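Hydrogens, waters and symmetry mates are skipped; everything else that's a heavy atom, side chains included, is used. Naming convention: chains lettered A, B, ... in sequence-line order (proteins, then strands); numbering from 1 in each chain. Given the structure is predicted, the values throughout are model-derived calculations rather than measurements.
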There are 2 protein chains.
Amino acid sequence: MEDLSPFIDNINRKTRLSPENMALLTAAFKVVKVKKKQLLIQPGFVAKYRIYVLKGAFHSYVIDDKGNEHTIQFAVEDWWLSDYNSYVHQVPATQFVEALENSTILQIDHQAEQQLKNTNWELATLFRLMAEQTAAYLARRTVSNLTQSAEERYNEFVAKYPQVLQRLPQYALASYLNMTREFLSKIRNAKVRKK
Amino acid sequence: MEDLSPFIDNINRKTRLSPENMALLTAAFKVVKVKKKQLLIQPGFVAKYRIYVLKGAFHSYVIDDKGNEHTIQFAVEDWWLSDYNSYVHQVPATQFVEALENSTILQIDHQAEQQLKNTNWELATLFRLMAEQTAAYLARRTVSNLTQSAEERYNEFVAKYPQVLQRLPQYALASYLNMTREFLSKIRNAKVRKK
DNA sequence: GCAGAACGATGAACTATCTTAAGAAAAATG
DNA sequence: CATTTTTCTTAAGATAGTTCATCGTTCTGC
């Protein structure tokens, strides 16, 4: 049996649920184990799940016309992810969501989420707060993408997510920061020399 | 008296409200006229309002360390905008929201919105759908920022918002597309010559 | 425990985009 | 409608970031 307490804490930080509703919510999420490199979401298929990471690491990415991979989002323990556009509108995904390590997730399917939102005030509020926070996060990210240079984006990431840094392959981080792996390598090395 | 039908249609496209709730909602929004160049939101102040554009045009932007302006978002008739991070979390804004033309807006203040969401199921659902759609939109924008070149971003904008194009100052569009005005000028001109 | 694949580092040549500067056009203002 | 201010264009030189090719290192599956 998995320990769901990180998940429960995560929810409690967003809103206060009655014990019954917390039980309803956790019952709607399924524990799933996935192996490194396994895909949870693939372009062409509708994203069926909203995903919470209990243990492990993921990234979501797209592949552009030239065949280059671009990481859109990371998620490690206690983070959420999906292809939001696909999940919200139930249209075919454009993103891959791939495990970077062997991982354990909680997933809720779209239909179950709709059902909860349509019948339960507290849970509807919870999902609203999640959507608002996702929007606020993406807005901040858009600003940082528009205003910072490659090196500044790297520095910001290091400062914000030092623990995450260790666990990510550099090619994924590079594409998340919107630069080539070679250039990221260069930046990192220039830093080391300075010290 | 202003004609609110575009607003009402906008809401109806998101969800079906009872006449009473539609009345409650429209009562919570105030009609405000603003002059070109007027600021609705300013860095340092908490964004008090969620804004719907009835008539006119706006852009939101930030100013970076070097003093350069970066447009984050546009809005013309029938669009919504705010500094979402500031509005959602009620923290000081980082963005300006400025009128590009003399305009008429509908605005709801954060407290009134909370009140409606806390007491009314249908309206809570409406605001949840709005947050979800905002998140999905920002996710799409993030992808396009990460995967496309300057010229491709311009082409995409032209294809998607041809009518909007005419009404925006080029310097605002350039910074929205994450390039200098000079470079945008070059791209446009290269196109004209090809024809 | 080995072979092949995936990952990261490095350097040289290249290119997309920026910077600066100056003039032309357009719009706002009195 | 003349003047001032703002916006757009053009062009030359500068640079951040890419591409390509190569090599050492570390995973990974069998």
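- A:F45 shares a hydrophobic cluster with no other residue; no ILVMFWY side chain has heavy atoms under 4.5 Å from its own.
- For the helix from C:dG1-D:dC30 to C:dG30-D:dC1, the end axes, each set by the C1' atoms of five terminal pairs, are bent relative to each other by 70° (nearest 10°).
- With sequence neighbours excluded, the residues satisfying side-chain hydrogen bond (donor to acceptor under 3.5 Å, both in side chains) with B:T71 are B:S175.
- Under the side-chain hydrogen bond (donor to acceptor under 3.5 Å, both in side chains) criterion, the residue pairs touching residues 46-55 of chain A are A:R50-A:E113, A:Y52-A:D78, with sequence neighbours excluded.
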Acceptor/donor pairs from residues 24-43 of chain A side chains to any protein atom, 3.5 angstrom cut, sequence neighbours excluded:
unit_1 : atom_1 : unit_2 : atom_2 : d
A:T26  : OG1    : A:M22  : O      : 3.0
A:T26  : OG1    : A:A23  : O      : 3.1
A:K33  : NZ     : A:E2   : OE2    : 3.0
A:Q38  : OE1    : A:K35  : N      : 3.1

Detail all sub-3.5 Å separations between protein N/O atoms and N/O atoms belonging to nucleotides 14-17 of chain D.
unit_1 : atom_1 : unit_2 : atom_2 : d
D:dG17 : OP1    : A:A150 : N      : 3.1

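- Take A:R16 and apply the salt bridge (Lys or Arg N to Asp or Glu O under 4.0 Å) test, not counting sequence neighbours, and it matches no residue.
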Could you go through nucleotides 25-30 of chain D and list every protein N or O atom that sits under 3.5 Å from one of its N or O atoms, giving the distance for each pair?
unit_1 : atom_1 : unit_2 : atom_2 : d
D:dT28 : OP1    : A:K36  : NZ     : 2.4

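- For residues 157-165 of chain B, proximity to DNA chain C is found at no residue, defined as any non-hydrogen atom under 4.0 angstrom from a strand atom.
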Cut-off 3.5 Å, no hydrogens considered: what does the side-chain donor-acceptor table look like for residues 88-96 of chain A, sequence neighbours left out?
unit_1 : atom_1 : unit_2 : atom_2 : d
A:Q90  : NE2    : A:A47  : O      : 3.1
A:Q90  : NE2    : A:Y87  : O      : 3.1
A:Q95  : OE1    : A:S60  : OG     : 3.2

List every contact pair, protein side and nucleotides 6-8 of chain D side both N or O, where the distance is under 3.5 Å.
unit_1 : atom_1 : unit_2 : atom_2 : d
D:dC8  : OP1    : B:Q170 : N      : 2.8
D:dC8  : OP2    : B:Q170 : N      : 3.1
D:dC8  : OP2    : B:Y171 : N      : 3.1

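- Apart from B:W121 itself, the hydrophobic cluster it occupies contains A:W121, where clustering links Ile, Leu, Val, Met, Phe, Trp and Tyr at side-chain heavy-atom distances under 4.5 Å.
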